[in-house]
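Taking it in order: structure first as structure tokens, then the write-up.
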2 protein chains.
Amino acid sequence: MSPAAVSLNGFARHAVAVDVVLFTIQDDVLKVLLVRRQRAPFRGAWALPGGFVGPEESVDAAALRELQEETSIGNVYLEQLYTFGDTERDPRGRVLSVAYYALVNWQRMQLRARREVVSDAEWFPVRRLPGLAFDHRKIVDYALERLRNKLNYTTIAFQLLQEEFTLTELQGAYEVILGQRLDKRNFRRKMLQLGILRAMNRFKASGRQRPARLYTFTETKVVKLQEKGIIVPF
Amino acid sequence: MSPAAVSLNGFARHAVAVDVVLFTIQDDVLKVLLVRRQRAPFRGAWALPGGFVGPEESVDAAALRELQEETSIGNVYLEQLYTFGDTERDPRGRVLSVAYYALVNWQRMQLRARREVVSDAEWFPVRRLPGLAFDHRKIVDYALERLRNKLNYTTIAFQLLQEEFTLTELQGAYEVILGQRLDKRNFRRKMLQLGILRAMNRFKASGRQRPARLYTFTETKVVKLQEKGIIVPF
DNA sequence: TGACTAAAGTGTCCCGCATACACTATCTTG
DNA sequence: CAAGATAGTGTATGCGGGACACTTTAGTCA
């Protein structure tokens, strides 16, 4: 295929899969998307959405493709997690898996029927996962650990919210991911002094309480943030 | 080969390489091991030590194997860095690279002649690298960034020192990696109050100055450390 | 229309950690 | 024993994080 003077003949070739841990927050619960396997191995078991990397496809592109087969929206935050390369992780033989994780806002999200191998997709609370195929449980655990760590020094949490959000919603996202309650005053003080939120003049009247002010995320102070050691994933 | 009921036939196969960014400190300079390529592509250029993953070899094992072809010592700190999966990164065609980085103590290290493809290996200061083959420059930059970040919340720096070391040597390792001077008193206070150093009753008489006390790294307080959010890589 | 409900929104104190900063101690060598 | 060179030590200050409780505001309903 490639007319290069040298070739890759003689080197071992490997099946390479991508698996995506797709997080969202729904009803104040952190959830992960799982699909039911239609084929062996692990037929009928729940697994992470994923598939094989095509012959001329970059690994990132494969992850993006798998992600978009599950979601109808674009512009999703997607980050490579780790490559799982044990020889025993797939009973069919040696399959490398490059794992990714992604964050989507639930409201922006619409599930689409999945083609091919997998028939059925469903969101599961991270804390109540069913048994998973392959080593996918390990991948989810690792993704959650990474996500929790990144909360502390990046702004990825915004990926889980709508464009306009209240501070209570933002705090809720942090609490749900970290699995613990946070102090309201400290949280608000910290977020506001980061200088990355723009207060809107709109309010969210969500029932019969005092309406909450809406905010948007702003990139204008990205430089300032980076000086503080906070990484802005854009 | 595998007698499984299902097979991997029909899926694309990919050549998978591992590349290792091997760091050491020599003469107060952070250095990286590079090898000269004996074959095309990039024949004659400097590149990271690495090679292809064998058919029944785990990716970690391949990285370890490559590492040990370069060093004569075992028990080296080795960590997966990132997987580079662009289609264009190798002119021969699509080659995935799973990159690792490793830290070795210079004194414990003895270079061995490299077999196969590569003839020649040499240490280069990270700040004065020659032009590198493939996307290896990007890999080195990424490894250095990871290393610098990990300094702040792990104890990997000890991997670069001998078993017994002085606080000045430890500080020197931090300074060389971070590329900036640190305050002696603040550094010593911080390290000592972590509770991970054991003061020996031996001293290093390194010339015609006051001898410096030797310390060893101790794992006894690992739990305490983890409570502080510091990760101990053992 | 006023009382109740429910969430929004706000300020202070304290502690630990990071930083800035300079002199004394100890050994070797000539 | 003087000079040279590195080891080793303490204090003051500022900032950020964590603990902690009450007031404000809109909606609802009697």
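The sequence lines fix the lettering, A, B, ..., with proteins before strands; numbering per chain opens at 1. Quick note: numbers below take in every heavy atom, side chains included, and nothing from hydrogens, waters or symmetry partners. The shown structure was predicted, so the numbers you read here are calculated from the model rather than taken from an experiment.
Checking A:Arg208 against A:Phe203, the closest nucleotide of DNA chain C that is more toward the 5' end is the one next to A:Arg208.
Proximity note for B:Pro211 (side chain, C-beta onward) versus C:dT19, C:dG9, C:dC27: the nearest is C:dC27. With D:dA7, C:dA8, C:dA22 as the candidates, the nucleotide lying closest to the side chain of A:Arg210 is C:dA8. Closest to the A:Asn186 side chain, of the nucleotides C:dG11, D:dG10, D:dG27, is C:dG11. Checking C:dG9, D:dG18, D:dG10 against every side-chain atom of A:Ala212, the shortest atom distance belongs to C:dG9.
Atom-to-atom, CZ of A:Arg213 to P of C:dA8 comes out at 14 Å; the value is rounded to the nearest Å. In this structure, CZ of B:Arg189 is placed 14 Å from P of C:dC21, rounded to the nearest angstrom. In this structure, A:Leu192 places its CG atom 15 Å from C1' of D:dG16, rounding to the nearest Å. Taking atom NZ on A:Lys190 and atom P on D:dG18, their separation rounds to 7 Å, with Å as the unit.
Looking at A:Glu79 and A:Tyr101, their side chains do bring a donor and an acceptor atom within 3.5 Å of each other. For the 3.5 Å distance criterion, the side chains of B:Asn186 and B:Arg189 qualify, holding a donor opposite an acceptor. Side-chain atoms of A:Ser58 and B:Asp86 form no donor-acceptor pair, as typed in the model, at a separation below 3.5 Å.
Taking the ring centroids of B:Phe165 and B:Phe217, they lie at or beyond the 6.0 Å cut-off.
To the nearest 0.5 Å, the span separating CZ on B:Arg137 from CG on B:Leu48 amounts to 11.0 Å.
Counting only heavy atoms from C-beta outward, the side chains of A:Val126 and A:Phe23 approach each other to under 4.5 Å.
DNA chain C lies under 4.0 Å from no heavy atom of any residue of residues 164-176 of chain B.
Classified by interplanar angle (parallel below 30°, tilted 30° to 60°, perpendicular above 60°), the ring pair B:Trp106/B:Trp123 is perpendicular.
When heavy atoms are screened at a 4.0 angstrom cut-off, A:Arg188 is found touching base atoms of the nucleic acid.
Donor-acceptor pairing under 3.5 Å, judged by distance alone, is absent between the side chain of A:Arg185 and the base of D:dG17.
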